[in-house]
2 protein chains.
Amino acid sequence: MNLKELSELLGLSQTTVSRALNGYPEVAVATRLKIQQAAAANSYRPNARAKGLATGRAMAVGHVIPVSSSHEIVNPIFADFIAGASEIYLRHGYDMVLSSVPDDREEHAYRDIAANGSVDGIIVNGPHAADERIGLLREIGLPFVVHGRASGETTDYNWVDVNNRRSFMRASEFLIDLGHQRIALINGLEAMDFASRRLDGYTHALQSRGLVPDPALIRSDEMTEAYGYSSALQMLEMAHPPTAFLGSSIIVALGIRRAIEEKGLKLGRDVSVITHDDDLGYLRNGGDVPTFTATKSSVRQAGRLCAEQLLSIISDPGQPAQQRLLETELTVGQSTGPAPHLITRPATA
Amino acid sequence: MNLKELSELLGLSQTTVSRALNGYPEVAVATRLKIQQAAAANSYRPNARAKGLATGRAMAVGHVIPVSSSHEIVNPIFADFIAGASEIYLRHGYDMVLSSVPDDREEHAYRDIAANGSVDGIIVNGPHAADERIGLLREIGLPFVVHGRASGETTDYNWVDVNNRRSFMRASEFLIDLGHQRIALINGLEAMDFASRRLDGYTHALQSRGLVPDPALIRSDEMTEAYGYSSALQMLEMAHPPTAFLGSSIIVALGIRRAIEEKGLKLGRDVSVITHDDDLGYLRNGGDVPTFTATKSSVRQAGRLCAEQLLSIISDPGQPAQQRLLETELTVGQSTGPAPHLITRPATA
DNA sequence: AGGAAAATTTAAAGCGCTTTGGTAAGTAAT
DNA sequence: ATTACTTACCAAAGCGCTTTAAATTTTCCT
């Protein structure tokens with residue numbers, strides 16, 4: 001059933017029917033009621049494409065998945081982010097359009113998306129430190145919100161980010177306070193902006209406490225379990241191994257833990273681990289006392305915030321750029337303890 | 001730049017320009033070339049909505065995320081599935097539309113999607129044993145492919161599924177062959193079709209070897225790490241604990257392993273674990289000898305297959321329903337060994 | 001009752017594309 | 001040279017909706 005049929009059935013014009021259903025005021029109350037009932041009875045649903053064409057609004061937002069030939073893995077973190085965002089879209093009647101884009105055609109893809117009009121705005125994930133997408137999107141004029149920031153970008157744009165620098169600074173200081181001197185950082189992909197901020201916080205904490213960051217204790221890569229495992233294993237086999245690790249995600253931390261246990265060491269006693277925890281639904285750092293001491297920030301919540309911000313920009317394009325910096329919670333779990341050589345000194349209770 | 005502008009610029013009709021760009025034959029070679037160049041030079045992109053309205057094809061497929069108020073968690077497995085599917089969509093120029101749907105409005109939502117015409121077909125995830133969606137979608141007439149099956153559904157429909165029954169039967173037999181008698185099953189949500197098939201395979205294997213399945217060793221729930229952990233922990237504290245576990249996903253298995261280690265037991269020696277392994281990119285069951293003995297089947301590949309099947313149905317709606325049953329690989333890792341009481345009998349080399 | 005103002009309703013244009021049903025020019029056959 | 005096909009192009013209708021501008025009806029005042 002389309003609008004024309006419905007209006008003929010009611011003996012009214014398409015105009016009136018359309019207005020009645022879209023809540024415009026210039027329709028008599030009785031008429032509106034009659035129309036609404038008829039629409040429901042005939043389960044009329046307006047065609048989204050036609051509506052979009054007429055209004056210029058797609059009622060959809062785009063998320064781009066960059067597919068690189070090298071690391072074509074979809075992040076579980078992305079899944080939770082999506083879940084959060086889609087809660088908001090659902091509430092506002094928006095759809096979410098995911099497009100995979102080979103990263104060598106990224107510019108082309110964004111221009112495509114903007115021109116072909118299938119979305120009203122876009123969420124940018126995983127910005128690099130020097131990300132060209134922000135400038136590009138601004139030039140194109142498509143509303144967008146970045147999940148994360150691009151340090152290299154000087155102009156004002158919409159973003160939602162975690163205070164990664166402070167978060168990793170605090171975590172490092174916490175370990176230093178426990179007497180750890182050799183602290184490893186198992187970071188995310190080097191090019192990622194969040195990874196460089198974490199490195200920065202870590203470096204800063206060490207240096208301000210008179211420690212010299214050791215390049216041999218710093219790794220950067222895709223945040224898989226296998227990466228966490230192999231990195232930690234290698235480091236634990238060094239002549240002068242670290243006594244503590246900083247992990248970039250709960251998945252990496254699982255790998256680190258596996259390496260520690262495989263070496264016959266005890267987590268939280270022989271080796272300490274602090275991880276960033278995105279509070280993933282399926283990999284909750286659970287229990288009364290959580291397994292890992294962690295810097296926690298829900299990525300699902302970040303998804304919600306990004307989506308809300310984007311919808312707000314879409315509905316009111318004039319407003320100034322919004323920024324939202326989220327602090328993490330440093331929650332103490334079972335994975336941290338005093339540095340091993342200090343353990344001889346009896347701990348209080 | 002739209003079609004009208006482009007055609008005026010070229011001094012040609014919209015018809016000719018449209019035909020030239022869409023590869024229709026009735027255009028002179030020289031004209032086509034000229035048009036293509038002009039289109040590229042002016043970076044003309046046809047408006048997807050208008051095109052869809054005119055052709056009746058959306059060039060998009062829908063994936064529905066059921067959001068229940070109770071378990072509103074997005075599965076990392078879903079993320080990998082999506083990744084696989086989107087590879088295929090990308091290759092064929094399709095978009096992927098994700099819509100969250102509160103599960104009490106599911107029927108409404110599917111009708112909506114079909115009527116509003118924003119997608120050409122739909123992928124159904126996580127079918128229940130008695131799933132009403134299949135009948136509904138057939139009635140609606142929207143092309144669809146189910147990832148999994150619905151045992152209760154008697155009609156013919158398109159699906160891609162893992163042979164869960166055989167897979168868990170083989171895994172159970174493998175454990176029984178190793179001398180295990182008390183084997184626990186940490187299954188997925190009870191209502192899920194795949195879970196009931198796995199239970200079936202497990203039960204069948206035990207019974208055919210003269211073992212009686214113990215209800216106390218069978219759990220069903222959302223497949224989180226915490227669930228694996230708490231289930232395994234409880235069972236290990238039983239008077240007569242299991243010597244082996246069957247896990248429903250790698251994430252659950254991680255939880256089981258945590259419980260085992262927390263009890264001071266050794267995985268693969270004191271307690272054996274076999275898990276289903278969806279071959280998730282971020283949680284690879286890696287190493288030269290994988291950590292877990294597992295029944296492996298790439299969910300990403302399943303995503304590809306579903307997508308391919310759906311696109312094939314969309315382009316040729318007449319064809320008969322296709323089914324694709326995938327067998328798992330039972331790969332032996334470090335998490336299984338002979339049942340503990342047999343270990344006194346020296347193993348051969 | 002008569003006219004202005006307000007409340008309803010409608011016809012028709014337009015969103016940007018495809019596609020049907022042409023026409024005009026070029027080529028081959030008679 | 002006439003007819004009959006091809007070939008290359010075009011005008012206009014139509015996809016299903018919104019929205020402008022105008023028409024109609026109702027209400028209110030004097």
Side-chain angles (χ1 to χ4, degrees), chain A residues 1-36 38-39 42-60 93 95 111-120 315, chain B residues 1-36 38-39 42-60 93 95 111-120 315:
Chain A
M1 160 102 15
N2 61 24
L3 185 62
K4 190 177 174 201
E5 290 163 358
L6 182 62
S7 62
E8 279 166 0
L9 189 139
L10 281 157
L12 288 166
S13 73
Q14 295 189 38
T15 309
T16 303
V17 176
S18 168
R19 280 191 169 137
L21 295 174
N22 288 303
Y24 283 79
E26 54 273 79
V27 178
V29 180
T31 315
R32 162 165 292 139
L33 237 66
K34 202 166 53 186
I35 291 174
Q36 283 170 340
N42 296 279
S43 58
Y44 163 73
R45 333 261 159 135
N47 180 297
R49 282 190 303 253
K51 197 161 182 161
L53 191 56
T55 58
R57 314 196 62 182
M59 294 305 283
D95 275 335
R111 292 191 186 277
D112 236 34
I113 290 167
N116 96 150
S118 51
V119 301
D120 297 321
S315 70
Chain B
M1 161 101 17
N2 61 25
L3 185 62
K4 191 177 173 203
E5 291 164 357
L6 182 62
S7 62
E8 279 166 359
L9 188 136
L10 281 158
L12 290 165
S13 74
Q14 295 188 39
T15 310
T16 303
V17 176
S18 169
R19 284 195 165 133
L21 295 174
N22 288 302
Y24 284 80
E26 53 275 77
V27 178
V29 181
T31 316
R32 163 163 292 139
L33 236 64
K34 202 166 52 186
I35 291 174
Q36 284 171 339
N42 297 279
S43 58
Y44 163 74
R45 334 262 157 134
N47 180 297
R49 283 189 304 252
K51 196 162 184 162
L53 191 55
T55 57
R57 311 196 64 182
M59 294 304 283
D95 274 335
R111 291 192 187 279
D112 237 34
I113 289 167
N116 96 150
S118 51
V119 302
D120 297 320
S315 70

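Numbered from 1 within each chain, the chains take letters A, B, ... in sequence-line order.
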- Task: Grab the two heavy atoms, one from B/R32 and one from B/G23, that are nearest each other, plus how far apart they are.
- Result: NH2-C, 3.7 Å

- Note on the structure: To the nearest angstrom, the CG-P distance between A/L3 and C/dA12 comes to 16 Å

- Item | Gap separating the CD atom of B/Q14 from the CG atom of B/L3, nearest 0.5 angstrom | 4.5 Å

- Task: List the atom of B/K51, the atom of B/P46, and the distance in Å for their closest heavy-atom pair.
- Result: NZ-CG, 4.0 Å

- Task: Considering just the side-chain nitrogens and oxygens of A/T31, establish if one lies under 4.0 Å of OP1 or OP2 belonging to C/dT9.
- Result: yes

- Query: Do you know which two heavy atoms are closest between B/A58 and B/D120, and how far apart they sit?
  - Reply: N-OD1, 2.7 Å

- Heavy-atom pair of closest approach, residues B/T16 and B/V27: O-CG2, 4.2 Å

- Query: Closest approach of B/A115 and A/R45, non-hydrogen atoms and distance?
  - Reply: CB-CG, 3.2 Å

- Message: Please report the interatomic distance CG(A/L53) to CG(B/N47), rounded to the nearest 0.5 Å.
- Response: 6.0 Å

- Query: Quick one: side-chain contact (heavy atoms from CB on, under 4.5 Å) partners of B/E26, sequence neighbours excluded?
  - Reply: B/R19, B/Y24

Report all interatomic pairs (protein N or O, nucleotide N or O of nucleotides 23-28 of chain C) with separations under 3.5 Å.
none

- Provide the start and end nucleotides, 5' to 3', of the part of DNA chain D that has atoms under 4.0 Å from heavy atoms of chain B. D/dA8 to D/dG16

- Note on the structure: Rounding to 0.5 Å, atoms OG (A/S18) and CG (A/L12) come to a distance of 12.0 Å

- Query: Per the end-axis method with five pairs at each terminus, what is the bend angle of the helix from C/dA1-D/dT30 to C/dT30-D/dA1, to 10°?
  - Reply: 50°

- dist B/T55:OG1 -> B/N22:CG (nearest 0.5 Å) comes out at 9.5 Å

- How far does CE of A/M1 sit from CG of A/L9, to the nearest 0.5 angstrom? 6.0 Å

- What is the distance from NZ of A/K4 to P of C/dA11, rounded to the nearest Å? 12 Å

- Query: Taking the side chain from B/N42 and the backbone from B/A39, do they hold a donor-acceptor pair closer than 3.5 Å?
  - Reply: no

- Could you list by number each residue of residues 42-57 of chain A showing a heavy-atom separation from DNA chain C of less than 4.0 Å, or answer none if no residue does? A/L53, A/A54

- Close approaches to DNA chain C from residues 16-25 of chain B, in residue order (heavy atom, under 4.0 Å): B/S18, B/R19, B/N22, B/Y24

- Note on the structure: Minimal heavy-atom distance between B/Y44 and B/N2, with the atoms involved, is CE1-C, 3.6 Å

